[in-house]
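Have a look at the structure below, then the notes.
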2 protein chains.
Amino acid sequence: MTASIIDGKVIAADLRARVADEVARVKRDHNLVPGLAVVLVGHDPASEVYVRSKHKQTQAAGMASFEHKLPADVAQADLLALVAKLNRDPAVHGILVQLPLPKGLDTEAVINAIDPAKDVDGLHPNNAGRLAGGFQALSPCTPLGCIILTKSVHPSLEGMNAIVIGRSNLVGRPLVQLLLNENATVTIAHSRSRDLPALVKQADLVYAAVGRPEMVRGDWLKPGATVIDVGINRIPQDDGKTRLVGDVAYQEALGVAGAVTPVPGGVGQMTVACLLVNTLRAACAIAGLPKPAV
Amino acid sequence: MTASIIDGKVIAADLRARVADEVARVKRDHNLVPGLAVVLVGHDPASEVYVRSKHKQTQAAGMASFEHKLPADVAQADLLALVAKLNRDPAVHGILVQLPLPKGLDTEAVINAIDPAKDVDGLHPNNAGRLAGGFQALSPCTPLGCIILTKSVHPSLEGMNAIVIGRSNLVGRPLVQLLLNENATVTIAHSRSRDLPALVKQADLVYAAVGRPEMVRGDWLKPGATVIDVGINRIPQDDGKTRLVGDVAYQEALGVAGAVTPVPGGVGQMTVACLLVNTLRAACAIAGLPKPAV
């Protein structure tokens, strides 16, 4: 058996196009321009790349993009004052504070200060709580992307057995909630789980989000399973360069699984596209419009 | 094999005694008297019984108990005003609005109005979110009781396979979070799960919280499993009376499991005791004291 490859690049491009269509529709019908504000503190190079990419894709989707750059030594009070200003700004429907913040800043206090209705990263406890309670909520972007990738293979996940490996706040825990909302049966495994290969063997859907290169082996998988690899690990090569690998042994998985996401080109492609989805949804919710078609 | 019976009555009495000891300690050392305010709207007979029992047990533990009874036709604004007053009252560390509320009142708005620091029912989205995020939080009382009953058999749950059947906001979903915090591997099953008997067969710990009389059969269980039965179902008997049964076929389970909670006399005993625990914890947290020893 050779697994089909779930092409994150194509699926993300399609999602961005559908977001752009809906943005055009709400602009035309309701004079609403969804706006995303990104706050970048300091000069972390990786963060600067992400923020540029978010800015570009937000504008490409027809939304307003606001960038706020603050020095690494900004006072906590000044950062909180900016968040408060963005909370009040009617042109801003999504607020994203790029993490990690420089040392000395209280990340939890900053996240808690964001209006939950504008929390497009889905990190505010109120959104996590609404998600955990099965209510409508802004959910973190990476888990949302995982669900969309899975549904490109299985339009309905009802009754399927899913395993989520990893219980982080950003991925594993919210992913469990989204899978429950899709009526999957969900097992959450982690570093303390016993006999992980046997647990994985029973799963129709496998989500690897642990940050350990190629930890999930091909012979762990149930034949035909759908494998979503959230890991992005940089490992050294013989030629002195590095390459990216996921948490799943990709080549092995191709021989057993039904469908697999590659790394790169899988989940990573979806995150910014889902951020646009969240910003669109937040704008519609704040404006009292029905949930958009994406 | 005959399972041991997990005696909720004895364990709850022990827990209440330990709460009373800690209440005496914080009173002596910090001049702090934990206070629980219960708000009862209308005259639901079952609710009145619960509220009386809470009042009695709160006082028996040495805490202050405040009862607020409002007519069934109270205005939403007046109920919210009472909650706001209790939020401000320094003698009140726990606020419990007895559910269900009479028709016409907005339950979600009332729960959201409670100060999360005083939300001893663990229902505010902020607490659910903190719990889902793995942070310290006030968690709902019934799942907390389930964990304490389990730990009376297994002091450590690390690496054990647990299954939670039922995904309600009050029990199933928060129970999953508490089990994850105990480092168990957790599967969440529900009405859409396929082959539930096979899923249950793999579990060292079985939590039944679906509200279907004796749904979980003895031959579903892994020999030696610990079974915590959250169900309380009233079923008619031949003599015209009714009797209480759980979600587990108790007599069958006794022959297979390692330990089982009876119904009545199991989980149900724990709920008010855990409410006292939450009130004590809330009082200590609000006063800036370390987490109490219970």
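Both backbone and side-chain heavy atoms feed into the values below; hydrogens, waters and symmetry mates do not. Letters A, B, ... mirror the listed sequences (proteins, then strands); counts begin at 1.
Counting only heavy atoms from C-beta outward, the side chains of B:Ser139 and B:Leu178 approach each other to under 4.5 Å.
The most heavy-atom pairs under 4.5 Å with chain B, out of A:Ala184, A:Pro116, A:Ser191, come from A:Ala184. Counting heavy-atom pairs closer than 4.5 Å to chain A, the top residue among B:Arg192, B:Gln177, B:Gln202 is B:Arg192. Top candidate by heavy-atom pairs under 4.5 Å with chain A, chosen from B:Asn183, B:Asn169, B:Asn126, B:Asp195, is B:Asn183.
Atom CD of B:Gln136 has 12 or fewer neighbouring heavy atoms from other residues, nucleotides or ligands inside a 6.0 Å radius. Around CZ of A:Arg212, the count of heavy atoms belonging to other residues, nucleotides or ligands within 6.0 Å does not exceed 12.
Of the two parts of B:Arg194, the backbone and the side chain both hold a non-hydrogen atom closer than 4.5 Å to a non-hydrogen atom of chain A. In this structure, chain A has no heavy atom under 4.5 Å from any part of B:Val164. Proximity to chain B is limited to the backbone of A:Leu131, based on heavy atoms less than 4.5 angstrom apart. If you measure heavy-atom distances from B:Asn161 to chain A, the contacts under 4.5 Å come from the side chain alone. Neither the backbone nor the side chain of B:Leu170 comes within contact range of chain A, judged by heavy atoms closer than 4.5 Å.
Across all non-hydrogen atoms, the minimal contact from A:Asn278 to A:Cys141 is ND2-SG, 3.8 Å.
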* Would you please test A:Tyr50 and A:Thr271 for side-chain hydrogen bond (donor to acceptor under 3.5 Å, both in side chains) and show each step? => CA-CA 10 Å; A:Tyr50 289 138; A:Thr271 305; over 6 Å; no

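A salt bridge links A:Glu108 with B:Arg130: the closest approach of a Lys/Arg side-chain nitrogen to an acidic carboxylate oxygen falls below 4.0 angstrom.
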